[in-house]
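As the structure lists them, so they are numbered: ligands from 1, and atoms in each ligand from 1. Start at 1 with the first residue, then count along the sequence.
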Amino acid sequence: MNPLEAQLDYTFGDRLPELGTTLEVAPGVLWLRMGLPFALDHINLWLLEDEIETPNGRVHGWTAIDCGIATDATRASWENIFASQLRGLPIVRVLVTHCHPDHVGLADWLCRRWLAPCWMSAGEYAFARLMSAGLPGADGSAAGPHFRAHGLTDAALVTKLQGRNHYYQDLVPSVPLSYIRLQDGQRVRIGVGEQVREWRVITGFGHSPEHVSLYAEQDQILISGDMLLPRISTNVSVFAIEPLANPVQQYMESLQKYLDVGVAAGVLILPSHGKPFRGAHTRIAQLLAHHRARLEEVLAACVTTQSAVDILPVMFKRPLDTHQLSFALGEALAHLHKLWFDGLLERRLDADQVYRFVAR
Ligand SMILES: [Zn+2]
């Protein structure tokens with residue numbers, strides 16, 4: 001455990017649900033994990049016991065929060081869950097926090113299998129649809145010129161990154177054809193009988209277009225998605241489709257928003273990666289401090305002219321594989337952009353058509 005983690009309270013210690021099983025973390029709230037074939041090797045999903053109104057009357061079952069990637073292994077793992085963990089009840093609703101493959105990958109499969117509706121924010125639903133369709137500008141081929149313009153002049157590496165053209169589509173081959181919209185501040189009632197909880201939708205930005213967290217104030221539970229993770233910092237990147245994005249600013253404001261809407265210090269946080277924990281205010285302070293420290297390092301490096309590629313060794317001390325390189329570059333650029341939008345850096349396009357930043 002790193003020293004920052006030691007400041008948090010892992011409510012369930014080292015207990016984890018075995019693959020294909022669940023662990024109850026609050027009355028009517030089950031924790032399950034699905035594998036991922038990345039350095040980040042798992043995602044947490046949640047099943048909330050529920051009862052929803054349908055044209056055929058009320059149906060008792062489960063709301064699934066997030067889905068896992070579209071692989072046979074994840075489908076098999078879900079089949080084990082269906083067979084052994086649902087007490088014979090159906091999935092009645094699928095709620096997706098955001099458009100990233102580990103969260104939305106199997107949403108269409110789950111919704112079709114159970115004839116369940118898909119609940120998402122409009123921003124996340126639209127991005128999932130356009131990336132799953134591999135539309136120009138949102139596919140891998142757009143990444144090459146973007147990275148090249150920010151200093152990745154190694155043609156072989158650019159080709160390799162472009163070769164990841166079908167990355168999203170492989171993990172999210174389809175997205176439900178319709179959805180039910182979640183909006184900031186909305187209250188979603190989930191539960192059965194006496195045990196209905198009102199979950200407040202808190203949208204967040206910087207990590208994805210319109211990320212949804214769910215906060216049950218009465219029971220002090222926050223399903224945080226990827227916005228508040230206990231061990232790793234949430235990725236904030238500038239992507240080709242939005243070249244003038246300022247995601248570090250958006251993410252830092254979104255962290256502050258949890259405090260502004262009154263998320264309490266002792267709330268039980270159910271994150272998408274890592275283990276459930278308490279210490280919301282501590283973790284928010286840690287993450288804000290993390291980004292302020294990165295911003296200071298980047299600004300200090302910009303006493304001389306720097307591209308995003310030049311900044312990589314300043315921000316990342318470890319070697320990066322291709323998968324990590326694209327995220328790291330996006331993240332380096334995100335920090336340069338925040339400093340640029342804050343008026344602390346100037347941006348110029350040099351003779352090689354590479355954007356370079358320098359302190360004012
Ligand atoms: Zn994500």
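- Under 2.8 Å from the Zn ion (ligand 1) lies no N/O/S atom of H103, from backbone or side chain alike.
- Summary: OD2 is the N/O/S atom of D226 found nearest to the Zn ion (ligand 1).
- Of all N/O/S atoms in H100, ND1 sits nearest the Zn ion (ligand 1).
- Looking at H211, H290, H291, H337 one by one, the single match for ring-ring contact (aromatic ring centres under 6.0 Å, His included) with Y251 turns out to be H291.
- Looking at heavy atoms from C-beta onward, L339 lies out of side-chain contact with C302 at the 4.5 angstrom threshold.
- Restricting H207 to its N, O or S atoms, the one at the least distance from the Zn ion (ligand 1) is NE2.
- For the pair R200 and Y215, the cation-pi test (distance below 6.0 Å, angle within 45°) is failed.
- Ring orientation note: the planes of H100 and H207 are nearly perpendicular, at an angle over 60° on the 30°/60° scale.
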